[in-house]
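Computed over heavy atoms, backbone and side chain alike; hydrogens, waters and symmetry mates excluded. All values reported here derive from a predicted model rather than from experimental measurement. Along the sequence shown, residues are numbered consecutively beginning with 1.
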Amino acid sequence: PNVPSLEDFRKDEENKISILVNNGAICFVFYCFAKPDFGTWRRMNFILEVPPPINSTYRAVYSSRLKRTVFFSSYPAKKWKRKAQEIIEIKLQTLASVYKKIEEGGVKVKITWYLKRERDIDSGIKLVLDAFQGSILKNDSQVSELLVIKKFDKQHPRVEVSIDIM
């Protein structure tokens, strides 16, 4: 089948639905609803890979200099965040005509986990929100409402994130 490429969607500024294809498989789909009176976006939706579990997200090391335990992001967490931020940046480039970073004010975030197997619902929320910090949000403290839903999809595990301007 003739599968559209990312370049096809970048050329079409009127197209608000975009698909990134990798080796013939759809990696993620994203879309945006424009607010007609302001010409900027009101809702953005992203589909990302499931981040690493919480037990492999952070590492703890005792610092003899600071006399306390210091936490830092693990390699898998940093790798996932970089990949998620690349996906976000591609979307923002594609939708440059309607995109505007939220500098102030609150947003409502809906995170839907589609998991292969049972996992804590709060696992990875911080990592997901941090991925949007600096590109769409000035700071993840702008999140005023957060809805987290857990579902199961053994064939296509993913995280769907919807960000609405309040």
Side-chain angles (χ1 to χ4, degrees), residues 1-10 12 15-34 41-61 71-95 98-99 102 106-137 139-166:
N2 188 9
V3 180
S5 71
L6 181 60
E7 290 304 316
D8 293 333
F9 288 103
R10 282 187 179 164
D12 182 8
N15 190 352
K16 299 302 181 237
I17 301 174
S18 300
I19 302 172
L20 178 64
V21 177
N22 185 10
N23 297 328
I26 295 175
C27 296
F28 66 89
V29 179
F30 49 73
Y31 51 97
C32 171
F33 297 101
W41 66 278
R42 190 183 80 218
R43 172 182 292 157
M44 279 196 179
N45 297 291
F46 297 83
I47 299 177
L48 307 168
E49 290 180 6
V50 175
I54 194 73
N55 293 339
S56 61
T57 300
Y58 300 102
R59 296 287 178 236
V61 175
F71 292 90
F72 61 93
S73 293
S74 66
Y75 175 74
K78 287 178 184 177
K79 183 179 174 184
W80 181 89
K81 187 175 172 183
R82 257 193 319 272
K83 190 172 186 179
Q85 288 174 329
E86 287 173 11
I87 291 169
I88 293 164
E89 287 303 317
I90 290 170
K91 177 174 185 170
L92 299 182
Q93 290 170 9
T94 306
L95 299 172
V98 294
Y99 166 71
I102 304 171
V107 296
K108 181 168 79 172
V109 177
K110 177 182 171 188
I111 300 173
T112 307
W113 299 95
Y114 290 89
L115 305 169
K116 281 185 176 182
R117 58 189 156 279
E118 189 62 44
R119 180 173 164 174
D120 287 346
I121 196 167
D122 62 346
S123 178
I125 291 174
K126 175 141 180 62
L127 195 57
V128 170
L129 293 177
D130 284 349
F132 291 93
Q133 187 169 296
S135 56
I136 291 181
L137 303 173
N139 191 298
D140 61 1
S141 66
Q142 292 173 270
V143 177
S144 299
E145 290 184 32
L146 178 63
L147 174 63
V148 183
I149 300 168
K150 179 170 63 173
K151 298 181 179 184
F152 296 95
D153 186 345
K154 291 184 179 190
Q155 300 298 317
H156 306 287
R158 64 197 179 277
V159 177
E160 294 183 3
V161 181
S162 177
I163 300 176
D164 289 276
I165 295 176
M166 295 186 73

What distance do [X] atom [atom1] and [Y] atom [atom2] have between them, rounded to the nearest 0.5 Å?
X	Y	atom1	atom2	answer
D130	N139	CG	CG	9.0 Å
H156	I47	NE2	CD1	11.0 Å
I163	I136	CD1	CD1	4.5 Å
L137	I88	CG	CD1	9.0 Å
L127	L129	CG	CG	9.5 Å

**OP:** Applying salt bridge (Lys or Arg N to Asp or Glu O under 4.0 Å), name anything that partners D120, two or more places apart in sequence or on another chain.
**Re:**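 Checked D120 against salt bridge (Lys or Arg N to Asp or Glu O under 4.0 Å); zero matches.
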
**OP:** Please name the pair of heavy atoms, one in I149 and one in K151, separated by the smallest distance, quoted to 0.1 Å.
**Re:**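 Shortest heavy-atom contact: CG2-CE, 3.9 Å.
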
**OP:** Hey, could you give me each pair passing side-chain hydrogen bond (donor to acceptor under 3.5 Å, both in side chains) that has a residue in residues 71-88? Not counting sequence neighbours.
**Re:**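 Sorted result for residues 71-88: E49-K83.
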
Original post:
Would you say the side chain of D140 lies within less than 4.5 Å of the side chain of K126, judging by non-hydrogen atoms?
Top reply: yes

Can you give me every donor-acceptor pair (side chain of residues 107-119, partner residue at least two apart or in another chain, under 3.5 Å) with its distance?
from	atom 1	to	atom 2	distance (Å)
W113	NE1	I121	O	3.3
E118	OE2	K150	NZ	2.4
R119	NE	S123	OG	3.2
R119	NH1	P51	O	3.1
R119	NH2	P51	O	3.0
R119	NH2	P52	O	3.0
R119	NH2	S123	OG	3.3

